[in-house]
Amino acid sequence: MIKSLLRQGEMAVLLALALVILPLLLFLPVWLPLLVLCMLALRAVLLRRQAAMPSLYLLLPLLLLAVGGLWLSLNTLVGREGGAALLILLLGFKSFESRQQRDWQVLLALGFFLAAMPLLFDQSPLAAVWLAISLLALTWAMLILSGEMVKGSLRSAMQALALALPLMLVLFVVMPRLPGPLWSMPHDQHVASTGLSDSMEPGSISQLVQQQEPAFSVVFAGPAPAVSEMYWRIMIFDDFDGRRWQNVRGLGSETVQWQGGHYVSYSLTGKPAKSRLPLLEYTVAAPAGGTLEPGNLFKLARDGDELFRFQAQSLLAAHYRTVLSPADQDFYRHLPPGNPASRQLALQWRAQGGDGAGFVRAALQYFRLGGFSYTLQPPLLNSEDGIDQFMFSSRKGFCEHYASALAFMARSAGMPARIVTGYQGGQFNPVGQFWQVKSSDAHAWVEVWLAETGEWLRVDPTAAVAPDRVVQGVSQSIPAMQPQLPGLGRSMPSWLLRVQQNWQAAGFAWQQWVVGYDAGKQLNLYRWLGLGEQVDSGAVLRAVLIGGGLACLPLLLLWRRQRSGSPLQQGRQRLVQALASMKIVVVDSDGPLDILNKARRLSEPDYRQLKALLKEYAAMRYRQPARQQQAKQWLRRVKAFRPGRQ
Amino acid sequence: MLPFRKALQRWLLSRLPLEHGGRLGQRRIYLLPTRFGLLLLVVALAVWVGALNYAVSLAYALAFWIIGLMLVAVLMAYRQLSGLNWTVLPGEGVFVGQSADCRIQLDNDSALARRLQLRAGQGGEPLSCLLAASSSQSLALPLLLARRGRHGYPALQLWSTAPFGLMRAFAWLRPDGHVLAYPLPMPDRERNDLHSEQGSGRQSGDDEEDFSHLAEYRQGDTPRQIAWSVLARRDVLVSKRFASQPRGQSIRQLAWQDYPAAVDMESRLSRLCWRVQQCEKAGQHYRLHLPGVVIEPQPQQRELALAALAEFKRPS
């Protein structure tokens, strides 16, 4: 059925195009790919009936209408979505205009370009599989369109793609990558950003925690630090309006003196959210590709949400000393009115502890012993005196509640304080030898500035309430969460754990070596292979020559196999060679009987074997045409024939 | 582009000797991308630039896969021609204004089917052929002959864009063969006194004619002349030729001097040609006299006579 449909190359082209467009249903407004698919189907029907094409006067207004609809639903005609949408629309209309072989070839070439479109939205292994399927369909259509028989051409298409595969891999690895884009592109507003939000009010992080998506992955050079030391900084909130924490100012500059600590270096791969990526605290020098903002935050030099990979060095457990001007101190002490009871308690702690460090000790003591509990479903707090309500009545909450309360208390006691959000901890994957940090590791903690030492001190009140949270992660610290997270928890059988770890490792490898293969990784590979210290023209040339040579080996093998002729010819050749080794010379004009005559002086068993082989040869060659299978079996026997070695 | 191509073509042709046949190898096969191939290359480039800009790794994979496919297409197109044997077959003469066949035979001794196209020169009408594995096929390329004489086979271009249509592998052949364009027969009834002669010479001599030799069947041969026994045995149509005693008037003399000096060369040749045809049709023995040449009755006399007329005072 399909074969008879495909008999025309044009049909094959239409079918391949439909296949290529299919995944765009997921990423574009659904009506648009559907419309184009319908157009392709209609074109196929017209083709089958040999009917006349609709006139240009009908098509042109329709095209304008469709482009108008596109504008209404996307508000753009450029960029990732707009561009892809416009392209498939034009393709649909072009199919109505295709009459000659040349038009169909143009359409097919456009199909190859179109196959790249879904990759802009998704680069998962599934997208790669679909890319391979699309390529196969397009190549097959190309074969049929250029006049190849339908029968057997699918096999040829697969063979050609398989032969091209090593070349593709070599080029993929060695062709230079750019560290940044050639031109900046309009930023897509439609993509919902994942990760931490711009502001924090109770609820914003707990939503994130309930997701199990991988946020980023890390490979440490050397031994990894303890989980409780892994604080990944992303954002700082410095202003409180009584309900929500936000970042309003952002310091202009900061002079930092680091004291103590030990160095850890690592490489991190993740998707930036609003150009931000996590940094293990504290990082002394800005990693390549971005800048270090005051507050020890990493901001990428460019926009975009493509996967980014960087190397960094962190000074763990260091003292973060900086000088705050009086104005800055005031800013970090600012509070809206309200929550009188909490203010009262804060002043009490201050008096109790004496200095700033004493205050912190007192506060943590209070959280530890004050009957607080850690839960993802805390009761709602009212807006006016939320802190009071939390501190004195509900006492149930999540990291954001604790951080918010502690920062408020510190400010009430006249100490500069701010909230840091990011991730805490991670899970080691022994299969892939990397650390996976998930959405559920999202966390918030507090930094308090101690006037005595001029140090931003990290204080994690959640650790005081639920110490397990920072040592083992969320799933261990909340018993109630365990049934909701089937992939986690101690009760998981070990085989399931292994499967999960393997799956994670495969995902990591995919991210590292396929999706995240960038200029940096390439440079490392070049060095490792000894191709050069830099990815320059000489090194690329060397790599292309060496790799290309290796990749052409399968082509050579194919070439040799095809040259060697039919099994019968090969077999005769083998026999002649075998006899030549016994000093029996056979010329081309010798028939089977002549050969047998010449080989008379062979030993008895050899002679009998040769006779049998030649008899069969004569039968296949002269009596009835040999079937392929039979000839191959005969060839196998010929190869086993070794005169004089028994 | 065009002058460049012409120059290239001239250069290619000037390198080639005239040949009776040969085997196509590396030195003879040239490869160029087709228009479609170039388009796909542009597409690969566009995908590559997009991948570079948007840092989409899988798009790199796509671009490089297309490039890889192009390289595979180069090899496959090359394989369509490589190792192909070709042989020139002799051409048959025709009269001026008719089209003759340049015939060449292609032998495919590999285990690979080939899809080939052949045309004369750069602009001729292409001839397609599908050559199955281990098979031979002879192709006849029509060639319109506008003037009398010997025409060498034109340079032939043999090419294939199979299997993808992305790459074009081509080879130029300079076959060492020729076809003859015989003068256009011009009726010359005045000197065609065949009928009277037939009455005396032919009919009475029928029984006395002796079998001389066998020749290829020609249109116009009577059933009496056909060698039926050969037909039964070998399945080829062959005619018997008879040689009678040379008895004076039964041999027609067709001579250049039959015409007054005022008649120019071409019309003389055309008339002689017509008369040769008439004699052949009637089975009449004849002798052709041209200045410097005499064609006696003999096997293949028609071909020899027509060839002599065709090549008369024409540099070959």
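Convention: sequence-line order gives letters A, B, ...; per-chain numbering from 1. Side chains are part of it too, since the values below use all heavy atoms of this structure and drop only hydrogens, waters and symmetry mates.
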*Taking all heavy atoms of Ser146(A) and all of Pro163(B), pick out the closest pair and write down the distance.*
OG-O, 2.5 Å

*asked:* Quick check for you: to the nearest 0.5 Å, what is the distance between Leu40(B) atom CG and Met142(A) atom CE?
replied: 6.0 Å

_Are there over 12 heavy-atom neighbours, none belonging to Lys521(A), within less than 6.0 Å of that residue's NZ?_
yes

*asked:* Using heavy-atom distances under 4.5 Å, tell me whether Val170(A) contacts chain B through its side chain, its backbone, both, or neither.
replied: neither

_Segment of Trp513(A) engaging chain B (4.5 angstrom heavy-atom cut-off)_ = neither

*Calculate, to the nearest 0.5 Å, the distance between atoms CG and CZ belonging to Leu52(B) and Arg177(A) respectively.*
8.5 Å

*asked:* Quick check for you: to the nearest 0.5 Å, what is the distance between Leu110(A) atom CG and Leu39(B) atom CG?
replied: 7.5 Å

*asked:* If I measure from the heavy atoms of chain B, does Leu143(A) come under 4.5 Å with its side chain, its backbone, both, or neither?
replied: both

*Can you name the closest pair of heavy atoms from Ala164(A) and Leu69(B) and give their distance?*
CB-N, 3.5 Å

*Heavy-atom distances under 4.5 Å only: say whether Leu167(A) touches chain B with side chain, backbone, both or neither.*
side chain

*So which part of Met76(B) gets closer than 4.5 Å to some heavy atom of chain A, the side chain, the backbone, both or neither?*
side chain

*Contact part of Leu169(A) toward chain B, heavy-atom cut-off under 4.5 Å: side chain, backbone, both or neither?*
neither

*asked:* For Ala162(B), is there any backbone N or O sitting under 3.5 Å from a side-chain donor or acceptor partner on Glu148(A)?
replied: no

*For Leu58(B), is it the side chain, the backbone, both or neither that has a heavy atom under 4.5 Å from a heavy atom of chain A?*
both

*Which bit of Leu131(A) comes within less than 4.5 Å of chain B, counting heavy atoms only: side chain, backbone, both or neither?*
side chain

*Counting only heavy atoms closer than 4.5 Å, note whether Leu71(B) contacts chain A via side chain, backbone, both or neither.*
side chain

*asked:* To the nearest 0.5 Å, what is the distance between OH on Tyr517(A) and OH on Tyr60(B)?
replied: 10.5 Å

*Where does Pro176(A) contact chain B at under 4.5 Å (heavy atoms): side chain, backbone, both or neither?*
backbone

*asked:* For the interface with chain B, which of Ser134(A), Ala115(A), Ala116(A), Gly147(A) has the highest count of heavy-atom pairs at distances below 4.5 Å?
replied: Gly147(A)

*asked:* Heavy-atom count check: over 12 atoms from other residues, nucleotides or ligands less than 6.0 Å from Leu553(A) CG?
replied: yes

*Considering residues, nucleotides and ligands other than Trp48(B), do more than 12 of their heavy atoms fall under 6.0 Å from its CH2?*
no

*Working to the nearest 0.5 Å, report the span between CH2 of Trp65(B) and CG of Leu171(A).*
13.0 Å

*Find out whether the Lys NZ or Arg CZ of Arg102(A) is both under 6.0 angstrom from the six-membered ring centre of Phe36(B) and within 45° of the ring's axis.*
no

*Does the pair Thr139(A) and Phe164(B) meet the rule for a side-chain contact (heavy atoms from CB on, under 4.5 Å), with working shown?*
CA-CA 8 Å; Thr139(A) 311; Phe164(B) 292 109; 3.6 Å; yes

_Between CE on residue Met175(A) and CZ on residue Phe64(B), distance to nearest 0.5 Å_ = 5.0 Å

*Determine whether more than 12 heavy atoms belonging to other residues, nucleotides or ligands lie under 6.0 Å from atom CD of Gln98(B).*
yes

_Please classify the contact between Ile66(B) and chain A as side chain, backbone, both or neither, with a heavy-atom cut-off of under 4.5 Å._
side chain

